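Below: the structure, in structure tokens.
In this chain, numbering begins with 1 at the start of the sequence shown. On a predicted model such as this, the values are computed, not experimentally measured, just so you know.
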Amino acid sequence: MNDIHIRPAGLSDVEAVLRFWREAAEGTSVSDDHDGVARLISRDPEALLLAESDDSVLTGTVIAGFDGWRCSAYRLAVHPHHRRQGIATALLEAAERRFAALGGRRSDAMVLEANERAHHTWAAAGYHREDRWRRWVKPLGPG
């Protein structure tokens, strides 16, 4: 693995992150727009973690959200040209360090059912599927 650096995203990173997710992430979220990502960064400036190569190329992301009750990992994505180099592992370790520092007790991850490659990544990091729970959602307003 080349040296990677992990840092929190800033507001100046929003458009680059959105472009990155269109190329590297599976699926989309209702919050995948400038306002959604900017709101995340403004509300919790340490939540969106970026992995960059030595030449400052964005290679991976994870959202490490903590609401005071739950630690939640979202948007773990590694650029296709940089996969299998330990970037996802480094991002998850950074997220877990953040969670531990905030007093978190367990990390939950949102993983698409159809993304089997991701299932292997999460399992290798020590996560397991919890079948007794299901996610229930309700859109709020237009969009």
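Qualifying side chain to side chain contact (heavy atoms under 4.5 Å, CB included) partners for A38, counting only residues two or more places apart in sequence or in other chains: L11, V14, H34. In terms of the salt bridge (charged side-chain N to carboxylate O under 4.0 Å, His left out) criterion, R39 has no residue partners (sequence neighbours excluded). Taking E23 as the reference, H79 meet the side chain to side chain contact (heavy atoms under 4.5 Å, CB included) condition, with sequence neighbours excluded.
The minimum heavy-atom distance linking I87 with A51 is given by the pair CG2-CB, 3.8 Å. Between A95 and A64, the shortest heavy-atom contact is CB-CB, 3.6 Å.
Distance CG/L76 to OG1/T89: 9.0 Å, rounded to 0.5 Å. Here the straight-line distance linking atom CD of E46 with atom CG of L49 works out to 8.0 Å at 0.5 Å rounding.
Screening I4, V62, L91, L58 for a side-chain contact (heavy atoms from CB on, under 4.5 Å) involving L50 leaves a single residue, L58.
Note on F20: it clusters hydrophobically with I63, by side-chain heavy-atom contacts below 4.5 Å among ILVMFWY residues. Under a hydrophobic-cluster definition in which Ile, Leu, Val, Met, Phe, Trp and Tyr are linked whenever side-chain heavy atoms come within less than 4.5 Å, directly or via other members, L92 and F99 are assigned to different clusters.
Residue pairs meeting the side chain to side chain donor-acceptor pair (under 3.5 Å) criterion with at least one member in residues 9-18, sequence neighbours excluded, are R7-D13. Within the structure, every pair that satisfies the side chain to side chain donor-acceptor pair (under 3.5 Å) test and touches residues 99-109, not counting sequence neighbours, is listed here: R106-D108, S107-Y127. Here side chain to side chain donor-acceptor pair (under 3.5 Å) pairs that include residues 57-72, with residues two or more places apart or in two chains, are W21-T61.
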